[in-house]
**Student:** 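After the structure tokens below, expect a handful of questions from me.
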Amino acid sequence: MISFDEFVKQDSWARIVDLFVACLPIDTLGFKYEHASQGRPPYATTDLLKLLLYGYKNHLRSSRKLAHACQVNMEVIWLIKGLKPSARKIAYFRKNNSKAFKQAFRYFVLMLKDMELIDGQTIAIDSFKIRAQNALKNNFNQKKIDRHIKYIDDKINEYLNQLEQEDELDKQEKIKHKIEYQNNKKLNYINIEKKLIESKQTQISLSDPDARSVVLHRNIINVGYCIQAGCDSKHNLFINNDTGTVNDTNALSPMALDAKKLLKLKQMNVLTDKGYTTGKHIDICTKNNITTFSSPKAHSSQNNGLYDMQIFKYNQLQDYYTCPANKLLKTNGTIYNKNKHKVKHYKNRQACKNCDLRAQCTTNKNGRFIERSIYQEALENNKKRVDSNPDYYRLRQQVTEHQFGTLKRQWGFTFTLMKGKENVLSEVNLMMMVYNLRRLMSIFTPNELKNKLKALDRHILKLYKLFLDFTTHYLFKSNFLIVNSLIIKLP
Ligand code: SF4
């Protein structure tokens with residue numbers, strides 16, 4: 001006689017996953033059940049979720065590998081009680097529940113906040129890139145399409161020349177086939193061009209339409225996703241995530257506002273690198289009580305040998321600059337759009353015309369003119385904060401970058417198996433749940449962690465039964481989180 005329980009070590013990952021999933025209010029997270037009209041009942045959501053959480057930590061991400069693990073892996077057999085879902089069942093469960101995975105991750109973050117492991121005082125935001133299920137040759141921009149069409153046109157011209165010089169009928173036929181083949185290829189590229197124009201995007205990916213050409217490492221370009229991640233500084237735990245854009249330029253305020261809303265904070269500090277420094281987003285953060293510490297970008301005029309922008313003194317009250325020759329550079333008040341940035345122009349043509357310092361100041365024949373972003377004040381305040389708190393800003397690297405290393409190097413999350421933004425985020429949410437849970441194993445001893453999870457489990461079950469008796473399903477759903485968070489606070 002053997003017991004499966006003996007095969008699973010007391011501090012094993014499978015046991016932690018088992019206890020963790022028992023703490024989640026699965027019915028309220030929006031997992032979709034597949035109700036067959038006949039035959040055996042569907043697999044329980046908790047079992048499939050346990051399987052995924054176990055697998056994502058152990059390099060078992062593909063549905064086929066997971067299905068195989070259900071047959072041969074003792075811990076998995078123990079974890080899901082010997083069930084053997086097919087690869088197809090696992091794949092569809094992951095594909096159809098992207099919103100529920102997001103809810104589960106966010107619920108977990110709230111649990112961590114209630115356990116006082118997340119304080120929300122300092123959030124660091126950064127991004128990492130992963131490859132998509134889309135080959136580079138299936139990603140096109142206008143330049144690439146033009147290059148292919150030109151190559152085909154050259155080929156066709158070459159064949160037409162050959163056709164003119166060829167007398168043998170057999171060979172003429174062969175050349176005609178080649179021309180037809182090239183024409184078909186050209187038609188294909190014309191269709192892709194049409195799709196690109198209709199999409200109003202700068203690039204199009206054929207296998208995974210949401211994937212974008214991104215720089216994975218220095219000078220290595222591939223098709224993938226740029227994953228944004230917010231981390232709390234108290235225990236370096238993940239808080240939120242997103243994807244969509246290929247760089248960080250427009251990610252600061254959406255990520256920061258989302259974290260603030262999720263954690264229900266009145267104020268918080270955000271640490272980000274240079275890529276996130278844009279006046280507009282820093283301004284939005286400031287207006288929403290979020291203090292940014294975003295590495296300042298060097299001004300574009302700094303390396304051209306002419307007078308640096310810092311020498312020009314700005315008068316905030318009267319909105320003008322004083323130049324090194326002590327002249328006033330004024331604006332007409334118009335706001336211009338420059339590369340999607342809103343700027344005002346400041347100049348004094350008359351003074352520049354006869355200025356002795358002109359050679360050191362400008363090469364523009366109309367004299368020096370300054371472009372000032374309408375968000376310049378927010379940018380300058382941010383710079384002052386970073387310059388006066390260098391040690392605090394340096395925390396950023398410690399708070400975010402280690403996690404990315406773990407996800408990518410240790411757990412192999414350098415590529416996604418899914419297609420489409422929503423589904424890719426399912427994998428990200430699973431990975432982040434696994435990371436946070438694994439991090440708890442370092443913060444607490446295995447026994448402490450198990451006791452905490454068991455305590456949560458007991459309270460949630462009690463609560464569930466209580467509310468199921470007294471409220472309608474709708475009322476239960478709306479009250480669950482509030483009451484749940486009170487219960488979590490109990491020792
Ligand atoms: S060139 Fe114009 S802006 Fe520059 S120092 Fe002379 S007056 Fe001032």
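Order of listing sets the numbers, starting from 1, for every ligand and every atom in it.
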**Student:** Taking Lys234 for the side chain and Glu116 for the main chain, is one N or O donor matched with an acceptor at less than 3.5 Å?
**Tutor:** yes
**Student:** Does Lys178, at its NZ atom, have more than 12 non-hydrogen atoms belonging to other residues, nucleotides or ligands within less than 6.0 Å?
**Tutor:** no
**Student:** Determine whether the aromatic ring centres of Tyr276 and His281 lie less than 6.0 Å apart.
**Tutor:** no
**Student:** Tell me if the centroids of the rings in Tyr314 and Tyr320 come within less than 6.0 Å of each other.
**Tutor:** no
**Student:** Just to be sure I understand the site: which N, O or S atoms from the protein are less than 2.8 Å away from atom 2 (Fe) of ligand 1?
**Tutor:** Cys352 SG
**Student:** Could you please spell out the steps behind the side chain to side chain donor-acceptor pair (under 3.5 Å) verdict for Arg131 and Tyr225?
**Tutor:** CA-CA 6 Å; Arg131 276 181 288 128; Tyr225 285 88; over 6 Å; no
**Student:** In a check of side-chain contact (heavy atoms from CB on, under 4.5 Å) between Lys260 and each of Met255, Met268, Lys266, Gln267, which one passes?
**Tutor:** Met268
